[in-house]
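Comments concern the structure below.
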Amino acid sequence: AEAALSDGPLKGKRIVITSGPTQEPIDPVRYISNRSSGAQGTAIARALVALGAEVVFVSGPADVPPPEGVQLVRIETARQMLDAVQAALPADAAVFAAAVADWRVAQEATSKMKKEKGALPTLSFAENPDILATISQMTEGRPPLVVGFAAETDDVIANATAKRLRKGCDWIVANDVSVGTGTFGGADNTVHIISDRGVEDWPKMGKAQVAERLADRIAGALRG
Ligand code: CTP
Ligand code: CA
C-alpha cells in the first residue's frame with residue numbers, strides 16, 4: 001500500500017465517497033442487489049487518500065477489500081447509505097460511485113418466506129432515495145464539488161448529460177457498461193467527464209488510472 005502524502009494537494013480536504021452495491025432485503029435470508037464489484041469506487045478512494053485527503057468511504061458489500069487509510073462506514077441498504085453520507089457532512093467534495101439499488105421491497109418480511117403449495121410470492125417495490133440528487137440539491141451545507149456517475153448501455157453521452165442536469169451535480173463520470181465492454185467486474189473503464197464546460201472523452205484505461213486522473217482533477221477544482 002502506498003503511503004498517503006502527508007502534504008499532498010488534498011491535505012486538509014474532507015471527501016465523502018459512496019461505493020459498491022447496496023443490498024435490499026426481501027426477508028432475513030434474501031436480498032436484491034446488483035453486479036457492482038466496488039472496484040472503481042475503491043480505486044478512487046485510494047487515489048484521494050494518496051493525495052492527502054481525509055476520506056469517508058461509505059460502502060455496500062463489495063467484492064474488493066476497502067482501501068487503507070479511509071474512515072470506513074459499512075452499510076447494506078440505500079437508506080443506510082443516505083444516512084451515512086448525511087452524517088459524514090460537511091465535506092469539501094462528495095463522489096457517488098455506488099451502484100445504488102433503485103428500488104427496495106416495499107414490505108420486508110420479518111421471518112423467512114416459505115414455499116407454500118401453489119402460491120408464488122409477489123414482491124411490490126418502493127423507490128429508494130436518490131442520494132446523489134439529495135446531496136446535490138441541498139440548499140445549506142452542500143459540498144462545493146459533487147461528482148456523480150452514470151453507467152449507461154445506450155446513448156451514453158445524451159443520457160449522462162440529462163442525468164447531470166436532473167440530479168444537479170457538478171460533474172458526471174459517464175461510462176458504457178453494455179455487454180462486451182467488460183466494465184462491470186473488469187479491470188478497464190472508458191469514461192467521459194461531463195461538466196458545465198461540456199464533454200471530455202478519456203481513452204480506455206485501467207480503473208486505477210481513471211481514479212488517479214479523477215483525483216487529480218478533484219484536487220485542481222478544490223484548489224480553485
Ligand atoms: N445514485 C444515488 N442514489 C440512487 C441512485 C443513484 O446516489 N438511489 C447515484 C449513483 O451513485 C450515480 C448516479 O446517481 O452516481 C447515477 O446513477 P444511475 O443509476 O445511473 O442513475 P439513476 O438516476 O438511478 O437512473 P437509471 O434509471 O439510469 O438507473
Ligand atoms: Ca439507477
Side-chain angles (χ1 to χ4, degrees), residues 15-25 31-45 48 55-62 64 73-89 91 93-106 125-138 142-143 145-179 181 183-185 189-195 199 202 207 210-211 214-215 217-218 221:
I15 303 181
V16 180
I17 171 157
T18 69
S19 186
T22 65
Q23 288 180 353
E24 310 295 333
Y31 60 82
I32 290 173
S33 191
N34 60 65
R35 295 187 193 281
S36 168
S37 64
Q40 187 65 82
T42 299
I44 294 165
L48 293 169
V55 174
V56 181
F57 188 67
V58 180
S59 180
V64 300
V73 184
R74 290 182 195 275
I75 55 80
E76 288 175 355
T77 69
R79 288 179 295 174
Q80 291 167 351
M81 183 173 272
L82 175 60
D83 288 346
V85 168
Q86 286 172 327
L89 298 182
V95 179
F96 295 93
V100 183
D102 291 324
W103 305 284
R104 66 176 180 274
V105 175
F125 291 90
E127 193 166 324
N128 270 329
D130 190 319
I131 304 161
L132 172 62
T134 302
I135 301 305
S136 295
Q137 293 166 26
M138 285 174 72
R142 178 192 189 276
L145 178 65
V146 178
V147 181
F149 278 70
E152 306 287 347
T153 56
D154 305 280
D155 300 325
V156 177
I157 301 295
N159 275 318
T161 301
K163 202 164 268 181
R164 175 178 169 269
L165 297 174
R166 195 164 65 238
K167 308 254 187 186
C169 58
D170 301 298
W171 303 347
I172 285 266
V173 181
N175 61 351
D176 187 341
V177 294
S178 46
V179 178
T181 60
T183 301
F184 262 139
N189 210 348
T190 307
V191 307
H192 314 270
I193 310 294
I194 296 166
S195 70
V199 181
W202 289 3
K207 286 182 178 175
V210 170
L214 189 64
R217 213 172 194 290
I218 289 170

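Note that ligands are numbered from 1 as they come in the structure, with each ligand's atoms numbered from 1 the same way.
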Is a donor on one side and an acceptor on the other found under 3.5 Å between the side chain of [X] and the backbone of [Y]?
X: N159; Y: D154; value: yes
X: Q80; Y: T77; value: yes
X: Q40; Y: K207; value: yes
X: N128; Y: A78; value: no

For W103, all residues meeting side chain to side chain donor-acceptor pair (under 3.5 Å), sequence neighbours excluded =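 Once residues adjacent in sequence are excluded, W103 has no partner under the side chain to side chain donor-acceptor pair (under 3.5 Å) criterion.
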Sorted by chain and number, the residues that approach ligand 1 to under 4.0 Å with a heavy atom = F96, A98, V100, D102, P129, D130, I131, L132, G148, F149, A150, A151, K163, K167
Protein-derived N, O or S atoms sitting under 3.0 Å away from the Ca ion (ligand 2) total 2
Between the side chains of E24 and T22, is a donor N or O closer than 3.5 angstrom to an acceptor N or O?
-> yes
CD1-CG distance between I44 and L48, expressed to the nearest 0.5 angstrom |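 Going from the CD1 atom of I44 to the CG atom of L48 covers 7.5 Å.
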Scan the side chains in residues 160-172 for donor-acceptor partners under 3.5 Å anywhere in the protein, sequence neighbours excluded, and list what turns up.
residue, atom, partner, partner atom, Å
T161, OG1, I157, O, 2.7
K163, NZ, E152, OE2, 2.6
R164, NE, D170, O, 2.8
K167, NZ, D130, OD1, 3.4
K167, NZ, D130, OD2, 2.5
D170, OD2, R142, NH1, 3.1
D170, OD2, R142, NH2, 3.2
D170, OD2, V146, N, 2.7

For A62 and G38, which heavy atoms make the closest approach, and how far apart are they?
-> CB-CA, 4.1 Å
